[in-house]
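Take a look at the structure below.
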Amino acid sequence: MSKTINVLFLAAEADPFIKVGGLGDVAGVLPRELRALSNDEIKLDVRLVLPYHPAVKAENLRPLDLFSIPRGDSEVGVEAFETTLNGLPVYFIGGEPIRANGSVYSLDAAKDSEKYAFFSMAAMELPKHINWQPDVIHANDWHTSLSLYVNLTKRWEAGAKHVAGVITLHNLPFMGADVGAILESYGVKLAQTDLPEWARVLPLPLGLWASDAIVAVSPGYAGEVLTEEFGCGLYDFLNLRKESLSGILNGIDMVSFDPSVDKALSVNYSLDTFNRRTENKELLQEKLGLARDPNVPLLAVISRMDVQKGVDLAFTALKNMKRINFQAVILGTGDPKLEEAARELQTLFPDKIKAELKFDANLARQIYAGADMILMPSRYEPCGLAQMIAMRYGCVPVVRSVGGLKDTVKPNETGFVFEKMHHMSLVSAIKAGMKTLTDREKWETLQRNGMAKDFSWEASAREYLKIYQSLVK
Ligand code: ADP
(Lines give C-alpha, C1' and ligand atoms only; values in the text may rest on other atoms or scores of the structure.)
Protein backbone atom coordinates (compact mmCIF):
# COMPACT_ATOMS: atom_id res chain seq x y z
CA MET A 1 0.00 0.00 0.00
CA SER A 2 1.31 3.45 -0.82
CA LYS A 3 2.19 5.90 1.93
CA THR A 4 0.61 9.36 1.82
CA ILE A 5 2.26 12.56 2.99
CA ASN A 6 -0.18 15.43 3.48
CA VAL A 7 1.38 18.86 3.06
CA LEU A 8 -0.30 22.17 3.80
CA PHE A 9 1.60 24.72 1.69
CA LEU A 10 1.17 28.36 2.72
CA ALA A 11 2.17 31.45 0.77
CA ALA A 12 1.26 35.13 0.49
CA GLU A 13 0.93 34.91 -3.31
CA ALA A 14 0.78 32.28 -6.06
CA ASP A 15 0.50 32.54 -9.79
CA PRO A 16 -2.04 32.53 -11.53
CA PHE A 17 -4.29 33.75 -8.69
CA ILE A 18 -2.13 36.63 -7.59
CA LYS A 19 1.50 37.42 -8.35
CA VAL A 20 3.68 40.29 -7.26
CA GLY A 21 7.17 38.77 -7.48
CA GLY A 22 9.28 35.63 -7.49
CA LEU A 23 7.47 34.07 -4.51
CA GLY A 24 4.33 34.03 -6.66
CA ASP A 25 6.18 32.08 -9.35
CA VAL A 26 7.45 29.53 -6.83
CA ALA A 27 4.18 28.98 -4.98
CA GLY A 28 2.36 28.77 -8.32
CA VAL A 29 4.43 25.83 -9.50
CA LEU A 30 6.07 23.91 -6.63
CA PRO A 31 2.88 22.49 -5.02
CA ARG A 32 1.77 21.07 -8.39
CA GLU A 33 5.24 19.67 -9.15
CA LEU A 34 5.26 18.00 -5.74
CA ARG A 35 1.88 16.38 -6.35
CA ALA A 36 3.13 15.19 -9.72
CA LEU A 37 5.86 13.15 -7.98
CA SER A 38 3.22 10.83 -6.51
CA ASN A 39 3.73 7.24 -7.59
CA ASP A 40 2.80 3.71 -6.50
CA GLU A 41 4.93 3.95 -3.37
CA ILE A 42 4.26 7.44 -2.20
CA LYS A 43 1.39 9.84 -2.61
CA LEU A 44 1.97 13.53 -2.01
CA ASP A 45 -1.27 15.29 -1.14
CA VAL A 46 -0.12 18.90 -1.26
CA ARG A 47 -2.72 21.62 -0.71
CA LEU A 48 -2.14 25.33 -1.21
CA VAL A 49 -3.49 28.02 1.14
CA LEU A 50 -3.50 31.70 0.17
CA PRO A 51 -4.94 34.90 1.63
CA TYR A 52 -8.06 36.04 -0.16
CA HIS A 53 -6.57 39.41 -1.16
CA PRO A 54 -9.10 41.70 -2.84
CA ALA A 55 -7.07 41.45 -6.10
CA VAL A 56 -7.16 37.62 -6.23
CA LYS A 57 -8.46 36.28 -9.54
CA ALA A 58 -10.02 32.86 -9.03
CA GLU A 59 -12.89 30.97 -10.59
CA ASN A 60 -15.34 28.43 -9.22
CA LEU A 61 -14.77 29.30 -5.58
CA ARG A 62 -16.86 27.21 -3.22
CA PRO A 63 -17.40 28.75 0.23
CA LEU A 64 -16.60 26.55 3.23
CA ASP A 65 -18.63 26.83 6.42
CA LEU A 66 -17.80 30.03 8.29
CA PHE A 67 -15.62 29.66 11.36
CA SER A 68 -13.87 32.03 13.72
CA ILE A 69 -10.76 32.33 15.83
CA PRO A 70 -10.79 33.79 19.36
CA ARG A 71 -9.18 37.17 19.85
CA GLY A 72 -9.30 38.99 23.19
CA ASP A 73 -12.86 38.76 24.48
CA SER A 74 -14.38 38.25 21.04
CA GLU A 75 -13.92 36.27 17.83
CA VAL A 76 -12.62 37.12 14.33
CA GLY A 77 -14.63 35.58 11.51
CA VAL A 78 -12.87 33.49 8.85
CA GLU A 79 -14.39 33.23 5.38
CA ALA A 80 -12.70 30.36 3.60
CA PHE A 81 -13.16 29.16 0.01
CA GLU A 82 -11.90 26.20 -1.94
CA THR A 83 -11.17 25.54 -5.58
CA THR A 84 -8.79 23.40 -7.63
CA LEU A 85 -6.08 24.23 -10.12
CA ASN A 86 -5.18 21.35 -12.43
CA GLY A 87 -5.93 18.89 -9.65
CA LEU A 88 -4.28 20.93 -6.87
CA PRO A 89 -6.69 21.77 -4.03
CA VAL A 90 -6.42 25.49 -3.24
CA TYR A 91 -7.93 27.26 -0.23
CA PHE A 92 -8.37 30.99 0.22
CA ILE A 93 -8.68 32.53 3.65
CA GLY A 94 -10.56 35.81 3.91
CA GLY A 95 -11.76 37.98 6.74
CA GLU A 96 -11.67 41.55 7.98
CA PRO A 97 -7.87 41.77 8.59
CA ILE A 98 -7.25 40.67 4.99
CA ARG A 99 -9.94 42.89 3.46
CA ALA A 100 -8.77 45.88 5.50
CA ASN A 101 -5.35 45.82 3.88
CA GLY A 102 -5.99 45.82 0.14
CA SER A 103 -2.61 45.19 -1.48
CA VAL A 104 -0.64 41.96 -1.10
CA TYR A 105 2.17 43.83 0.65
CA SER A 106 1.60 47.31 2.00
CA LEU A 107 4.07 49.95 3.13
CA ASP A 108 2.37 49.88 6.53
CA ALA A 109 4.24 47.21 8.50
CA ALA A 110 1.67 47.15 11.31
CA LYS A 111 -1.19 46.46 8.89
CA ASP A 112 0.78 43.70 7.21
CA SER A 113 1.49 42.13 10.60
CA GLU A 114 -2.21 42.14 11.43
CA LYS A 115 -3.10 40.59 8.10
CA TYR A 116 -0.51 37.85 7.98
CA ALA A 117 -0.79 36.96 11.67
CA PHE A 118 -4.52 36.47 11.16
CA PHE A 119 -3.89 34.47 7.99
CA SER A 120 -1.34 32.22 9.72
CA MET A 121 -3.64 31.60 12.73
CA ALA A 122 -6.68 30.89 10.55
CA ALA A 123 -4.70 28.58 8.24
CA MET A 124 -3.80 26.43 11.26
CA GLU A 125 -7.53 26.04 12.00
CA LEU A 126 -8.41 25.19 8.40
CA PRO A 127 -7.57 21.42 8.47
CA LYS A 128 -10.28 20.82 11.08
CA HIS A 129 -12.86 22.33 8.77
CA ILE A 130 -11.88 20.32 5.71
CA ASN A 131 -11.53 17.06 7.56
CA TRP A 132 -7.95 16.54 6.53
CA GLN A 133 -4.80 16.45 8.68
CA PRO A 134 -1.41 17.67 7.43
CA ASP A 135 1.78 15.75 8.20
CA VAL A 136 3.84 18.76 7.15
CA ILE A 137 3.19 22.48 7.27
CA HIS A 138 5.28 24.24 4.65
CA ALA A 139 5.54 28.02 5.10
CA ASN A 140 7.24 30.59 2.90
CA ASP A 141 8.97 33.74 4.18
CA TRP A 142 7.81 35.89 7.09
CA HIS A 143 4.20 36.27 5.94
CA THR A 144 3.27 32.68 6.72
CA SER A 145 6.02 31.74 9.18
CA LEU A 146 3.89 32.35 12.28
CA SER A 147 1.86 29.30 11.28
CA LEU A 148 4.88 27.17 12.23
CA TYR A 149 5.22 28.91 15.57
CA VAL A 150 1.52 28.52 16.34
CA ASN A 151 1.56 24.92 15.15
CA LEU A 152 4.42 24.06 17.49
CA THR A 153 3.43 25.98 20.62
CA LYS A 154 -0.29 25.17 20.48
CA ARG A 155 0.43 21.48 20.02
CA TRP A 156 2.84 21.58 22.93
CA GLU A 157 0.11 23.08 25.06
CA ALA A 158 -2.43 20.53 23.89
CA GLY A 159 0.03 17.62 24.07
CA ALA A 160 -0.94 16.74 20.49
CA LYS A 161 1.08 14.82 17.90
CA HIS A 162 3.96 16.73 16.31
CA VAL A 163 3.28 18.03 12.82
CA ALA A 164 6.52 18.77 10.98
CA GLY A 165 7.29 22.35 9.96
CA VAL A 166 9.29 23.36 6.89
CA ILE A 167 10.10 26.93 5.96
CA THR A 168 11.45 28.11 2.66
CA LEU A 169 13.59 31.18 3.00
CA HIS A 170 13.20 33.41 -0.05
CA ASN A 171 14.44 36.64 1.51
CA LEU A 172 16.01 36.74 4.98
CA PRO A 173 16.13 40.53 5.53
CA PHE A 174 12.33 40.76 5.49
CA MET A 175 11.37 39.47 8.94
CA GLY A 176 8.04 41.21 9.53
CA ALA A 177 7.30 43.69 12.32
CA ASP A 178 6.84 43.16 16.08
CA VAL A 179 3.88 40.80 16.59
CA GLY A 180 4.23 40.41 20.39
CA ALA A 181 0.96 42.24 21.15
CA ILE A 182 -0.91 40.61 18.25
CA LEU A 183 0.09 37.11 19.37
CA GLU A 184 -0.96 37.92 22.92
CA SER A 185 -4.35 39.15 21.69
CA TYR A 186 -4.83 35.76 19.98
CA GLY A 187 -3.84 34.02 23.20
CA VAL A 188 -0.49 32.81 21.86
CA LYS A 189 2.37 33.06 24.36
CA LEU A 190 5.91 34.07 23.45
CA ALA A 191 8.14 31.07 24.14
CA GLN A 192 11.65 31.06 25.60
CA THR A 193 13.59 30.89 22.36
CA ASP A 194 17.33 30.87 21.70
CA LEU A 195 16.86 33.71 19.22
CA PRO A 196 18.61 37.04 19.79
CA GLU A 197 16.42 39.23 21.99
CA TRP A 198 15.38 41.66 19.22
CA ALA A 199 14.21 38.74 17.07
CA ARG A 200 11.96 37.07 19.65
CA VAL A 201 8.87 39.07 18.60
CA LEU A 202 9.37 38.94 14.81
CA PRO A 203 7.43 36.49 12.60
CA LEU A 204 10.29 35.13 10.48
CA PRO A 205 12.70 34.35 13.35
CA LEU A 206 9.85 32.74 15.33
CA GLY A 207 9.02 30.59 12.29
CA LEU A 208 12.67 29.62 11.79
CA TRP A 209 12.91 28.70 15.46
CA ALA A 210 9.78 26.53 15.27
CA SER A 211 10.67 24.76 12.00
CA ASP A 212 12.14 21.30 11.62
CA ALA A 213 13.76 22.13 8.29
CA ILE A 214 14.90 25.45 6.84
CA VAL A 215 15.35 25.56 3.08
CA ALA A 216 17.08 28.51 1.41
CA VAL A 217 16.18 28.96 -2.26
CA SER A 218 19.67 28.15 -3.51
CA PRO A 219 22.66 26.27 -2.10
CA GLY A 220 24.70 29.47 -2.44
CA TYR A 221 22.23 31.44 -0.31
CA ALA A 222 22.10 28.65 2.29
CA GLY A 223 25.83 29.14 2.77
CA GLU A 224 25.63 32.92 2.75
CA VAL A 225 23.00 33.26 5.51
CA LEU A 226 25.52 31.66 7.87
CA THR A 227 27.86 34.61 7.39
CA GLU A 228 27.86 38.01 9.06
CA GLU A 229 27.57 39.77 5.69
CA PHE A 230 24.28 38.11 4.65
CA GLY A 231 22.98 36.64 7.94
CA CYS A 232 21.05 39.79 9.00
CA GLY A 233 21.94 39.33 12.68
CA LEU A 234 20.62 35.74 12.71
CA TYR A 235 23.80 34.01 11.54
CA ASP A 236 24.74 32.78 15.03
CA PHE A 237 21.27 31.30 15.50
CA LEU A 238 21.30 29.83 11.98
CA ASN A 239 24.73 28.32 12.61
CA LEU A 240 23.26 26.55 15.63
CA ARG A 241 20.56 25.19 13.30
CA LYS A 242 23.02 24.34 10.51
CA GLU A 243 22.05 20.66 10.53
CA SER A 244 18.49 21.49 9.53
CA LEU A 245 19.45 24.12 6.94
CA SER A 246 19.80 23.26 3.26
CA GLY A 247 19.56 24.97 -0.11
CA ILE A 248 17.29 23.91 -2.96
CA LEU A 249 17.43 25.89 -6.16
CA ASN A 250 14.11 27.23 -7.44
CA GLY A 251 13.12 26.12 -10.90
CA ILE A 252 11.22 28.00 -13.59
CA ASP A 253 8.03 27.01 -15.34
CA MET A 254 9.63 25.47 -18.43
CA VAL A 255 6.24 25.11 -20.14
CA SER A 256 5.21 28.72 -19.72
CA PHE A 257 8.71 30.05 -20.43
CA ASP A 258 9.38 28.33 -23.73
CA PRO A 259 10.45 30.47 -26.70
CA SER A 260 9.24 27.82 -29.15
CA VAL A 261 5.59 28.31 -28.14
CA ASP A 262 5.50 31.57 -26.15
CA LYS A 263 2.43 33.47 -27.38
CA ALA A 264 3.91 36.83 -26.35
CA LEU A 265 6.45 36.48 -29.19
CA SER A 266 5.66 37.23 -32.83
CA VAL A 267 8.44 34.88 -33.88
CA ASN A 268 8.96 31.61 -32.01
CA TYR A 269 12.29 29.81 -32.03
CA SER A 270 14.09 26.89 -30.46
CA LEU A 271 17.60 25.45 -30.53
CA ASP A 272 16.78 24.01 -33.96
CA THR A 273 15.46 27.27 -35.40
CA PHE A 274 17.82 29.51 -33.49
CA ASN A 275 18.45 31.93 -36.38
CA ARG A 276 14.93 33.25 -36.02
CA ARG A 277 15.82 34.81 -32.67
CA THR A 278 17.32 37.86 -34.45
CA GLU A 279 13.87 38.77 -35.77
CA ASN A 280 12.77 39.19 -32.16
CA LYS A 281 15.65 41.57 -31.53
CA GLU A 282 14.68 43.75 -34.46
CA LEU A 283 10.99 43.71 -33.54
CA LEU A 284 11.89 44.70 -30.01
CA GLN A 285 14.10 47.54 -31.19
CA GLU A 286 11.25 48.80 -33.35
CA LYS A 287 8.71 48.52 -30.54
CA LEU A 288 10.98 50.45 -28.17
CA GLY A 289 11.73 53.15 -30.75
CA LEU A 290 15.41 52.20 -30.99
CA ALA A 291 17.37 51.93 -34.24
CA ARG A 292 16.71 48.59 -35.93
CA ASP A 293 20.17 47.07 -36.05
CA PRO A 294 21.01 43.42 -35.36
CA ASN A 295 24.66 44.25 -34.71
CA VAL A 296 24.39 46.78 -31.92
CA PRO A 297 24.54 45.09 -28.48
CA LEU A 298 21.13 45.31 -26.78
CA LEU A 299 21.33 45.19 -22.98
CA ALA A 300 18.38 44.67 -20.64
CA VAL A 301 17.37 45.20 -17.04
CA ILE A 302 14.14 43.41 -16.04
CA SER A 303 13.74 43.86 -12.34
CA ARG A 304 11.98 45.33 -9.38
CA MET A 305 13.42 48.82 -8.95
CA ASP A 306 15.07 48.02 -5.65
CA VAL A 307 18.56 48.55 -4.25
CA GLN A 308 18.73 44.81 -3.50
CA LYS A 309 18.80 44.24 -7.24
CA GLY A 310 21.70 46.67 -7.75
CA VAL A 311 19.78 48.53 -10.46
CA ASP A 312 21.48 51.73 -9.27
CA LEU A 313 24.81 50.11 -10.10
CA ALA A 314 23.54 49.12 -13.53
CA PHE A 315 22.45 52.70 -14.20
CA THR A 316 25.84 54.11 -13.17
CA ALA A 317 27.55 51.52 -15.36
CA LEU A 318 25.42 52.50 -18.38
CA LYS A 319 26.14 56.19 -17.72
CA ASN A 320 29.82 55.36 -17.82
CA MET A 321 29.57 53.74 -21.23
CA LYS A 322 29.11 57.00 -23.17
CA ARG A 323 31.66 56.15 -25.79
CA ILE A 324 30.45 52.64 -26.41
CA ASN A 325 27.91 51.72 -29.05
CA PHE A 326 25.04 49.93 -27.31
CA GLN A 327 21.30 50.03 -26.70
CA ALA A 328 19.53 49.27 -23.42
CA VAL A 329 16.02 48.71 -22.16
CA ILE A 330 15.04 49.01 -18.52
CA LEU A 331 11.77 47.31 -17.51
CA GLY A 332 10.68 47.64 -13.90
CA THR A 333 8.70 49.36 -11.21
CA GLY A 334 9.34 50.06 -7.56
CA ASP A 335 11.38 52.63 -5.66
CA PRO A 336 10.38 56.07 -7.06
CA LYS A 337 13.98 57.32 -6.77
CA LEU A 338 15.25 54.48 -8.94
CA GLU A 339 12.41 54.95 -11.41
CA GLU A 340 13.41 58.61 -11.64
CA ALA A 341 17.05 57.62 -12.19
CA ALA A 342 15.94 55.36 -15.07
CA ARG A 343 13.95 58.23 -16.60
CA GLU A 344 16.99 60.51 -16.33
CA LEU A 345 19.11 57.94 -18.13
CA GLN A 346 16.61 57.84 -20.96
CA THR A 347 16.66 61.65 -21.18
CA LEU A 348 20.45 61.60 -21.19
CA PHE A 349 20.70 58.95 -23.92
CA PRO A 350 17.38 59.13 -25.82
CA ASP A 351 18.73 57.17 -28.81
CA LYS A 352 20.30 54.46 -26.70
CA ILE A 353 18.26 53.83 -23.57
CA LYS A 354 14.54 53.19 -23.07
CA ALA A 355 12.94 53.12 -19.63
CA GLU A 356 9.66 51.18 -19.43
CA LEU A 357 8.54 51.82 -15.86
CA LYS A 358 5.69 49.38 -15.54
CA PHE A 359 4.97 45.72 -14.86
CA ASP A 360 4.43 44.09 -18.24
CA ALA A 361 4.80 40.31 -18.41
CA ASN A 362 4.52 40.18 -22.22
CA LEU A 363 7.11 42.88 -22.77
CA ALA A 364 9.41 41.03 -20.33
CA ARG A 365 9.11 37.92 -22.51
CA GLN A 366 9.81 39.93 -25.67
CA ILE A 367 12.90 41.39 -24.03
CA TYR A 368 14.17 37.96 -22.95
CA ALA A 369 13.70 36.86 -26.56
CA GLY A 370 15.28 39.91 -28.18
CA ALA A 371 18.02 41.33 -25.95
CA ASP A 372 21.61 40.10 -26.11
CA MET A 373 22.40 40.41 -22.41
CA ILE A 374 20.51 40.85 -19.14
CA LEU A 375 22.23 42.70 -16.29
CA MET A 376 21.78 41.43 -12.72
CA PRO A 377 24.24 43.18 -10.41
CA SER A 378 22.40 42.18 -7.22
CA ARG A 379 23.70 43.11 -3.77
CA TYR A 380 22.27 39.80 -2.62
CA GLU A 381 20.19 37.28 -4.57
CA PRO A 382 18.59 34.36 -2.73
CA CYS A 383 17.91 32.59 -6.04
CA GLY A 384 16.82 34.85 -8.89
CA LEU A 385 14.56 33.64 -11.66
CA ALA A 386 15.26 36.27 -14.29
CA GLN A 387 18.72 34.89 -15.14
CA MET A 388 17.26 31.40 -15.66
CA ILE A 389 14.40 32.67 -17.83
CA ALA A 390 16.93 34.75 -19.79
CA MET A 391 19.13 31.70 -20.48
CA ARG A 392 16.11 29.72 -21.60
CA TYR A 393 15.49 32.45 -24.21
CA GLY A 394 19.11 32.77 -25.33
CA CYS A 395 19.65 36.10 -23.56
CA VAL A 396 23.07 35.94 -21.90
CA PRO A 397 23.19 36.94 -18.20
CA VAL A 398 25.81 39.29 -16.77
CA VAL A 399 25.58 38.71 -13.03
CA ARG A 400 27.28 39.41 -9.74
CA SER A 401 28.78 36.35 -8.11
CA VAL A 402 26.27 36.06 -5.29
CA GLY A 403 23.64 33.58 -4.00
CA GLY A 404 21.62 31.81 -6.69
CA LEU A 405 23.26 33.83 -9.48
CA LYS A 406 26.57 32.20 -8.63
CA ASP A 407 24.92 28.76 -8.60
CA THR A 408 23.22 29.12 -11.98
CA VAL A 409 25.48 31.19 -14.25
CA LYS A 410 28.78 29.61 -15.24
CA PRO A 411 31.47 32.13 -16.27
CA ASN A 412 32.20 32.05 -20.02
CA GLU A 413 30.02 28.97 -20.40
CA THR A 414 26.53 30.43 -19.96
CA GLY A 415 27.23 34.04 -18.99
CA PHE A 416 29.53 36.64 -17.47
CA VAL A 417 30.17 36.92 -13.75
CA PHE A 418 31.79 39.67 -11.68
CA GLU A 419 32.62 39.87 -7.97
CA LYS A 420 32.92 43.39 -6.67
CA MET A 421 29.87 45.54 -5.97
CA HIS A 422 31.28 48.38 -8.07
CA HIS A 423 29.96 49.78 -11.33
CA MET A 424 33.35 49.45 -13.03
CA SER A 425 33.35 45.70 -12.31
CA LEU A 426 30.00 45.51 -14.06
CA VAL A 427 31.29 47.64 -16.96
CA SER A 428 34.24 45.24 -17.34
CA ALA A 429 31.89 42.24 -17.43
CA ILE A 430 29.64 43.96 -20.00
CA LYS A 431 32.70 44.79 -22.11
CA ALA A 432 33.85 41.16 -21.92
CA GLY A 433 30.37 40.21 -23.12
CA MET A 434 30.49 42.71 -25.97
CA LYS A 435 33.89 41.42 -27.06
CA THR A 436 32.55 37.86 -27.23
CA LEU A 437 29.46 39.14 -29.06
CA THR A 438 31.67 40.22 -31.97
CA ASP A 439 32.64 36.56 -32.40
CA ARG A 440 29.31 35.19 -33.62
CA GLU A 441 30.26 31.55 -33.22
CA LYS A 442 31.46 31.94 -29.64
CA TRP A 443 28.42 34.00 -28.75
CA GLU A 444 26.02 31.46 -30.19
CA THR A 445 27.71 28.73 -28.15
CA LEU A 446 27.06 30.74 -24.97
CA GLN A 447 23.43 31.24 -25.95
CA ARG A 448 22.92 27.61 -26.86
CA ASN A 449 24.56 26.42 -23.63
CA GLY A 450 22.07 28.49 -21.64
CA MET A 451 19.09 27.39 -23.73
CA ALA A 452 20.01 23.75 -23.23
CA LYS A 453 20.06 23.99 -19.41
CA ASP A 454 17.34 22.21 -17.49
CA PHE A 455 15.90 24.63 -14.96
CA SER A 456 12.73 22.61 -14.47
CA TRP A 457 11.11 22.23 -11.08
CA GLU A 458 11.17 18.47 -11.06
CA ALA A 459 14.68 18.09 -9.63
CA SER A 460 13.96 20.70 -6.95
CA ALA A 461 10.64 19.08 -6.06
CA ARG A 462 12.45 15.75 -5.52
CA GLU A 463 14.78 17.46 -3.04
CA TYR A 464 11.78 18.81 -1.13
CA LEU A 465 10.25 15.35 -1.13
CA LYS A 466 13.43 13.98 0.47
CA ILE A 467 13.09 16.56 3.24
CA TYR A 468 9.42 15.69 3.85
CA GLN A 469 10.32 12.00 3.97
CA SER A 470 13.10 12.62 6.48
CA LEU A 471 10.65 14.46 8.76
CA VAL A 472 7.66 12.12 8.43
CA LYS A 473 8.95 8.74 9.44
P1 ADP B 1 12.51 38.92 -7.30
O2 ADP B 1 11.61 37.80 -6.90
O3 ADP B 1 13.57 39.25 -6.30
O4 ADP B 1 11.77 40.14 -7.75
P5 ADP B 1 13.35 37.14 -9.44
O6 ADP B 1 14.41 37.24 -10.48
O7 ADP B 1 13.39 35.94 -8.56
O8 ADP B 1 13.35 38.48 -8.59
O9 ADP B 1 11.91 37.14 -10.14
C10 ADP B 1 11.42 38.26 -10.78
C11 ADP B 1 10.33 37.84 -11.75
O12 ADP B 1 9.50 38.97 -12.04
C13 ADP B 1 10.87 37.39 -13.11
O14 ADP B 1 9.94 36.46 -13.65
C15 ADP B 1 10.90 38.69 -13.93
O16 ADP B 1 10.83 38.46 -15.31
C17 ADP B 1 9.63 39.32 -13.42
N18 ADP B 1 9.62 40.81 -13.49
C19 ADP B 1 10.30 41.68 -12.72
N20 ADP B 1 9.98 42.95 -13.05
C21 ADP B 1 9.08 42.87 -14.05
C22 ADP B 1 8.34 43.85 -14.82
N23 ADP B 1 8.48 45.15 -14.60
N24 ADP B 1 7.49 43.41 -15.75
C25 ADP B 1 7.33 42.08 -15.96
N26 ADP B 1 7.97 41.11 -15.29
C27 ADP B 1 8.85 41.50 -14.33
Side-chain angles (χ1 to χ4, degrees), residues 11-16 18-30 104-105 140-143 168-174 216-218 220-221 224 230 247-259 262 264-265 284 287-288 300-311 314 328-336 338-339 342-343 354-371 373-393 395 397-400 402-409 415 455 457 460:
E13 50 172 304
D15 197 36
I18 184 126
K19 175 182 151 176
V20 178
L23 174 59
D25 288 306
V26 175
V29 181
L30 181 57
V104 177
Y105 310 115
N140 290 276
D141 273 355
W142 80 262
H143 327 102
T168 298
L169 201 49
H170 302 258
N171 210 334
L172 181 61
F174 293 86
V217 286
S218 67
Y221 195 52
E224 285 171 355
F230 296 101
I248 301 179
L249 198 67
N250 286 335
I252 56 170
D253 186 338
M254 300 282 278
V255 176
S256 165
F257 291 111
D258 179 352
D262 191 330
L265 312 185
L284 177 64
K287 180 168 183 167
L288 296 170
V301 173
I302 304 175
S303 173
R304 283 184 290 122
M305 293 289 114
D306 191 300
V307 285
Q308 178 212 327
K309 297 291 187 180
V311 283
V329 51
I330 300 159
L331 173 64
T333 55
D335 185 338
L338 292 170
E339 288 192 9
R343 255 183 236 111
K354 293 292 162 190
E356 300 283 339
L357 303 171
K358 57 185 176 183
F359 190 92
D360 185 335
N362 281 347
L363 180 57
R365 287 163 182 268
Q366 289 156 3
I367 297 174
Y368 288 124
M373 293 177 228
I374 184 167
L375 313 181
M376 295 185 72
S378 303
R379 289 192 161 75
Y380 70 92
E381 192 60 77
C383 177
L385 300 174
Q387 82 280 12
M388 292 191 263
I389 302 171
M391 283 186 262
R392 175 106 169 116
Y393 282 69
C395 175
V398 179
V399 305
R400 180 151 178 259
V402 68
L405 296 175
K406 191 174 173 174
D407 290 337
T408 50
V409 181
F455 293 119
W457 267 104
S460 316

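For ligands, and for the atoms within them, numbers begin at 1 and follow the listed sequence.
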Side chains of Tyr221 and Asp407: is there a donor and an acceptor less than 3.5 Å apart?
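There is no such pair between these side chains.
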Donor-acceptor contact below 3.5 Å, side chain [X] vs main chain [Y]:
X      : Y      : result
Tyr368 : Pro259 : no
Arg304 : Gly21  : no
Ser218 : Leu249 : no
Asp262 : Ala264 : yes

Determine, considering heavy atoms only, which of Met388, Met305, Lys358 sits nearest to atom 23 (N) of ligand 1.
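Ranked by closest heavy atom to atom 23 (N) of ligand 1, first place is Lys358.
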Atom 8 (O) of ligand 1: which of Lys309, Arg365, Arg304 has the nearest heavy atom?
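Heavy atom nearest to atom 8 (O) of ligand 1 belongs to Lys309.
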So, using side-chain contact (heavy atoms from CB on, under 4.5 Å) as the criterion, who are the partners of Pro16 when residues are at least two apart?
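Counting only residues at least two positions away or on another chain, Pro16 forms a side-chain contact (heavy atoms from CB on, under 4.5 Å) with Leu85.
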Identify, with sequence neighbours excluded, every residue that meets side-chain contact (heavy atoms from CB on, under 4.5 Å) alongside Val29.
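Expected list: Glu33, Asp253, Trp457.
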Take every heavy atom of Gln387, measure it against each atom of ligand 1, and state whether any distance is under 4.0 Å.
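Contact check Gln387 vs ligand 1: negative.
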Only one of Asn171, Leu30, Thr168 passes side-chain contact (heavy atoms from CB on, under 4.5 Å) with Asn140; say which it is.
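With Asn140 as partner, Asn171, Leu30, Thr168 yield a single side-chain contact (heavy atoms from CB on, under 4.5 Å), made by Thr168.
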Testing Ile302, Leu288, Val301 one by one against Leu331 for a side-chain contact (heavy atoms from CB on, under 4.5 Å), which residue passes?
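The single option meeting the side-chain contact (heavy atoms from CB on, under 4.5 Å) with Leu331 is Ile302.
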State whether any protein heavy atom lies less than 4.0 Å from atom 21 (C) of ligand 1.
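When distances to the protein are checked, atom 21 (C) of ligand 1 has a heavy atom within 4.0 Å.
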How about atom 15 (C) of ligand 1: does it have a protein heavy atom within less than 4.0 Å?
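Yes, because at least one protein heavy atom sits under 4.0 Å from atom 15 (C) of ligand 1.
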Is Glu381 salt-bridged to Lys406, going by a charged N under 4.0 Å from an acidic O?
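Result for this pair is no, no salt bridge flagged.
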Provide, to 0.1 Å, the distance between [atom] and the closest protein heavy atom, together with that atom's residue and name.
atom                    : answer
atom 11 (C) of ligand 1 : Asp25 OD2, 4.0 Å
atom 27 (C) of ligand 1 : Phe359 CE1, 3.4 Å
atom 24 (N) of ligand 1 : Asp360 N, 3.0 Å

Does a side-chain heavy-atom distance below 4.5 Å link Lys354 with Ile330?
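A side-chain contact under 4.5 Å is absent here.
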Hey, does [X] come in under 3.5 Å of ligand 1, counting only N/O atoms on both sides?
X      : answer
Gly22  : yes
Gln308 : no
Thr333 : no
Leu385 : yes
Glu381 : no

[X] and ligand 1 - part of the residue with a heavy-atom distance under 4.0 Å:
X      : result
Ser303 : backbone
Ala386 : both
Ile389 : side chain

Number the atoms of ligand 1 from 1 as they appear, then name those within less than 4.0 Å of a heavy atom of [X], with their elements.
X      : answer
Ala364 : 25 (C), 26 (N)
Tyr368 : 15 (C), 16 (O)
Gly332 : 23 (N)
Gly384 : 6 (O), 7 (O)

Working to the nearest 0.5 angstrom, can you tell me the gap between Ile367 CD1 and Lys287 NZ?
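It is 8.5 Å, given to the nearest 0.5 Å.
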